[in-house]
Amino acid sequence: MSEELLNGLTVDDGEYDASQIQVLEGLEAVRKRPGMYIGSTSSSGLHHLIYEIVDNSIDEALAGACTEISVTVGSGGTVTVVDNGRGIPVDIQEQTGKSALEVVFTVLHAGGKFGGGGYKVSGGLHGVGASVVNALSEWLDVRVYKNGKIYEMKFSRGDIIQEITVVGDTDKNGTEVTFMPDSEIFDDVDFSYDVIKTRMREQAFLNGGLRINTCDEREGREASDSMHYEGGIIEFVQYLNRNKTPLHENVIFLSDERETSTAEVAFQYCGDVYNEFILSFANNIHTPDGGMHETGFKSALTRVLNDYGKKANLLKGEEKLSGEDCREGVTAVISVRLMEAQFEGQTKSKLGNSEIRTFVDNLLTEKLTIFLEENPSVARQILDKAITASKAREAARKARENIRRKNALEGMSLPGKLADCNETNPELTEIYIVEGDSAGGSAKGGRDSRFQAILPLWGKMLNVEKARADKVYGNDKLTPVITALGAGIGEDFDESKLRYHKVIIMADADVDGSHIRTLLLTFFFRFMRPLVEGGYVYAAQPPLFKLTRGKNVRYVLDNSELDAAMTEMRGEDGKGKVDLTRNKGLGEMDAHELWDTTMNPETRVLKQIKMTDAIAADEVFTVLMGEKVEPRKEYIEKNAKYAVDLDI
Ligand code: TSJ
């Protein structure tokens, strides 16, 4: 091959081929700043490698040329992705003198754009990441099954190790990529089968009809699953609602297609649920911050339900349903595909294309109106639910107004049980919410009152998952928490008014403690979501064991540290007699012990409550706190951990 240079001269193919240098520079940039391409080099970036490869196979499925994809974690920690598509083209292109296969793996952002036509509407959505994965892999092998032959090419950290070689005959078609992530790049190269399976299940739902298999071949971790949903996002909604009680039997499904975009919406209301759960996707990519597709759905839903309510005489006179009323108890999946998706916001997790808002709005306005007219009993159930929600919201508003007025009258008085701290800069202060009066007493005695406040709680706590908002606002167990934090609740919640930047739940490490912790977390999650999202909520970790040898006392957090601590304390001869007791409760520790083990910032262990996965969190809360007993039992048996141990 030859390359034209600036002065019109051409040089022959050789070591100094300009395009080759560019390629190397491109992939070198990826290795220098991996975060720019895959977000991070932590576990999430590591798993991103798989998604980048699988996206190519999904594009092939969208082009109608692939029906099955398999993702396997090999025994050595590698990942193999195989599909039964047409196989990446291997013939040399005139323009570049290279095969599409080589270009895909060595040129940044090259996938999907080669070979002229390539993909149309459905495709060309992803397929940009194979070279990034190649650059960040210790090694990567690709095999293409095509034209009756098996072609193979090998790379290491982006460099070509073996040019395309025919290594056998085959009657199959498809592409197979195996890679070993580079341990020089990633903090940890251990893949999580659960993370992979969850993502692949989501993709199987979003691409109805496509079969996706997952397999873990690592010793002691063997597992395999096969996921295939003819119903697509309809089955996604059924899956999300599997532990809830649907208000109407069938999931409502609406879809439309334009020249360059498609929209699909599936939703179903649940009678026993008071919050909304909307998952939206653009080009199969989750958009946790919503965007135009979600806005279109929400505004049209509100308008269509109000119009229907008027027409069917379910809403009288000036009665009007708010958007929130119309979404109470709904589980919805919105999936759109479009040519040039604009992802906005700091985390690129919001869809910005405004034409999609009109598209989804029109879809609902036309087709949901028809659906309601054709299914009056379903329509009536939905409207009844929204009207009840509206009345409850009005009651809640009054209750909230009462709290506000009371606060104003009493000069924003703090709860009587609160032992506040001296410091007033919230960035420096902490509040311990403590279960039980006796533990509260020890905590008050043990704390550093300069910056630590204590709020004891006692008695039975309200389960907010089973109550509407109006019951929550007036609740005498929750009101002290609301006033102590000082930031309001629900729509009124104002992060900037928060009186403490560390809100620490301190409860026993037993079943009752776990219960109160879960109840409080559910309350924060549903009514003070920014508190959880902002990372203000923590769980204190009181030690489970106390070791005594003579005058020496040592506390141990949990089982995993017990053996080592015992050995250490027995001393070198291994003969010292060490007394082991299990801590029965916070109340049994005196003020000093509580400070040393659980409250002293120098020595304590705090667990920050994270909100990484909305699906998992919603699941945990509905399962643990909802009406159905059977799934809850199953869940607890399966996890045998406290709810707080899950990364919510
Ligand atoms: F990108 C990649 F290398 F990472 C990769 C691509 C990885 C895997 C597992 C699969 C694929 C892939 C690519 N599967 N199927 C395809 N298809 C094409 O590249 C292809 C085949 C034929 C034609 C055509 O127009 O004839 C066009 C394309 C884009």
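The figures here come from the full heavy-atom set of this structure, side chains too, leaving out hydrogens, waters and symmetry mates. When a ligand or atom number is given, it counts from 1 through the structure's own listing order.
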Check step by step if salt bridge (charged side-chain N to carboxylate O under 4.0 Å, His left out) holds for Glu222 and Arg218.
CA-CA 6 Å; Glu222 289 87 352; Arg218 289 170 296 184; over 6 Å; no
Near [X], which atoms of ligand 1 are under 4.0 Å from a heavy atom of that residue?
X      : value
Phe105 : 2 (C), 3 (F), 4 (F)
Asp83  : 10 (C), 11 (C), 12 (C), 14 (N), 15 (N)
Val104 : 1 (F), 3 (F)
Gly87  : 21 (C), 22 (C)
Ser57  : 8 (C), 9 (C), 10 (C)

Tell me which one of Arg143, Arg86, Met153 gets a heavy atom nearest to atom 22 (C) of ligand 1.
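Residue with the shortest heavy-atom distance to the ligand atom: Arg86.
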Regarding atom 20 (C) of ligand 1: of the candidates Ala130, Ser131, Pro89, which has the closest heavy atom?
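The nearest heavy atom belongs to Pro89.
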Option from Phe297, Phe371, Phe253 for which ring-ring contact (aromatic ring centres under 6.0 Å, His included) with Phe267 holds
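Going through the options one by one, the only one that passes is Phe297.
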So for ligand 1, is Lys146 a polar contact partner (N or O within less than 3.5 Å, distance only)?
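Looking only at distances, the answer is no, because the N/O contact criterion of under 3.5 Å is not met.
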Can an N or O of Glu60 be found at a distance shorter than 3.5 Å from an N or O of ligand 1?
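N/O-N/O distance below 3.5 Å exists for this pair.
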For ligand 1, is there an atom lying under 4.0 Å from some heavy atom of Ala100?
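Flag not set, Ala100 not near ligand 1.
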Please determine whether the number of non-hydrogen atoms from other residues, nucleotides or ligands lying under 6.0 Å from atom NZ of Lys350 exceeds 12.
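12 or below, so no.
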For Glu257, I'd like to know if atom CD has over 12 heavy atoms of other residues, nucleotides or ligands within 6.0 Å.
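No - once you tally the heavy atoms of other residues, nucleotides and ligands closer than 6.0 Å, there are 12 at most.
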For the residue pair His47 / Ser192, report whether a side-chain donor-acceptor contact shorter than 3.5 Å exists.
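Ser192 vs His47: no donor-acceptor pair found between side chains.
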Any side-chain donor paired with an acceptor under 3.5 Å for Asn173 and Asn84?
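Judged by distance alone, the side chains do not pair up.
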Taking heavy atoms and a distance under 4.0 Å, where does Ile88 meet ligand 1: side chain, backbone, both or neither?
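Both backbone and side chain.
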Counting heavy atoms only, which part of Val81 comes closer than 4.0 Å to ligand 1: side chain, backbone, both or neither?
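Contact part for Val81 vs ligand 1: both backbone and side chain.
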Please walk me through it: do Tyr229 and Phe236 pass ring pair (Phe, Tyr, Trp, His ring centres under 6.0 Å)?
CA-CA 8 Å; Tyr229 308 104; Phe236 201 168; 8.4 Å; no
So which of Val265, Val304, Asn362, Leu254 actually passes side chain to side chain contact (heavy atoms under 4.5 Å, CB included) with Lys367?
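Exactly one pass, corresponding to Leu254.
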